[in-house]
Amino acid sequence: MISTQYVTDADKAFWFTLDAHFSEQEFYKKVRDRQGYVLFADGVPKGILRYGLFWDNTPFCNMLYVEPSAQKQGYGRMLMEFWEADMRSQGYGMTLTSTRTDEDAQHF
């Protein structure tokens, strides 16, 4: 069974195994503001997505990462679809993201 949930304090240890690009303080802001998600497969965390508001009004995906052993199984797509649906439900008509050119994610 696959599920995606808003990130919580309990996800901190797993989160930082995949995302070392921001501080613990910023992690707690994402929890507080519900700007992060964790994808679970059979109750085991497999991936994360976090976002912010570009120009303070447009959701921008800052990080989407699936643990290496779970990549290429559709989990990234599921995270993105969950996020897009959540953004639509909050009234946003557009989302943004960006990748580095030396990452495989640019083809995602």
Side-chain angles (χ1 to χ4, degrees):
M1 180 173 145
I2 308 299
S3 66
T4 302
Q5 302 168 10
Y6 289 109
V7 64
T8 69
D9 292 349
D11 299 312
K12 180 180 163 191
F14 172 71
W15 190 280
F16 280 101
T17 67
L18 300 183
D19 184 2
H21 299 285
F22 73 154
S23 69
E24 188 174 319
Q25 180 181 358
E26 290 300 313
F27 171 80
Y28 288 117
K29 285 182 186 177
K30 294 299 179 193
V31 170
R32 181 195 69 206
D33 297 341
R34 297 173 62 136
Q35 291 186 335
Y37 311 98
V38 179
L39 180 134
F40 295 86
D42 297 322
V44 178
K46 298 291 182 178
I48 60 171
L49 184 151
R50 66 175 160 89
Y51 74 95
L53 294 178
F54 191 66
W55 298 317
D56 296 324
N57 65 13
T58 304
F60 184 91
C61 179
N62 296 312
M63 168 70 69
L64 187 160
Y65 196 80
V66 174
E67 66 178 27
S69 67
Q71 291 177 1
K72 309 248 187 253
Q73 297 178 40
Y75 295 140
R77 178 183 45 79
M78 290 177 203
L79 272 165
M80 185 63 72
E81 288 174 352
F82 186 91
W83 175 59
E84 289 173 338
D86 192 26
M87 296 303 95
R88 274 191 300 277
S89 76
Q90 293 183 42
Y92 295 105
M94 176 176 56
T95 60
L96 301 172
T97 193
S98 178
T99 64
R100 292 175 20 167
T101 59
D102 63 346
E103 293 178 325
D104 289 340
Q106 69 173 312
H107 306 290
F108 172 74

Before giving the answer on side chain to side chain contact (heavy atoms under 4.5 Å, CB included), spell out for Leu18 and Met63 the whole-Å C-alpha distance, their side-chain angles and the decisive distance to 0.1 Å. CA-CA 10 Å; Leu18 300 183; Met63 168 70 69; over 6 Å; no
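Residues in residues 5-15 take part in these salt bridge (charged side-chain N to carboxylate O under 4.0 Å, His left out) pairs, two or more places apart or across chains: Lys12-Glu24. Sorted by first and then second residue, the salt bridge (charged side-chain N to carboxylate O under 4.0 Å, His left out) pairs involving residues 28-39 (not counting sequence neighbours) are Glu26-Lys29. Sorted by first then second residue, the salt bridge (charged side-chain N to carboxylate O under 4.0 Å, His left out) pairs that include residues 36-63, not counting sequence neighbours, are Asp19-Arg50, Lys46-Glu67. Counting only residues at least two apart or on different chains, the ring pair (Phe, Tyr, Trp, His ring centres under 6.0 Å) pairs with a member in residues 47-74 are Tyr51-Trp83, Phe54-Phe60.
Leu49 has its side chain within reach of Cys61: a pair of non-hydrogen atoms, C-beta onward, lies under 4.5 Å apart.
Residues meeting the side-chain hydrogen bond (donor to acceptor under 3.5 Å, both in side chains) test with Tyr6, sequence neighbours left out: Asp86. With sequence neighbours excluded, no residue forms a salt bridge (charged side-chain N to carboxylate O under 4.0 Å, His left out) with Glu84. Taking the ring-ring contact (aromatic ring centres under 6.0 Å, His included) definition, one finds that Phe82 meets it with Tyr37, sequence neighbours left out. Among residues two or more places apart in sequence or in another chain, the ring-ring contact (aromatic ring centres under 6.0 Å, His included) test is passed with Phe40 by none. For Tyr28, the ring-ring contact (aromatic ring centres under 6.0 Å, His included) test picks out no residue, with sequence neighbours left out. With sequence neighbours excluded, the residues forming a side chain to side chain contact (heavy atoms under 4.5 Å, CB included) with Thr17 are Phe14, listed by chain and number.
When every heavy atom of Met80 is checked against every heavy atom of Leu64, the shortest pair comes out as CE-CD1, 3.8 Å. Annotation for Asn57 and Pro59: closest pair O-CD, 4.1 Å, computed over non-hydrogen atoms.
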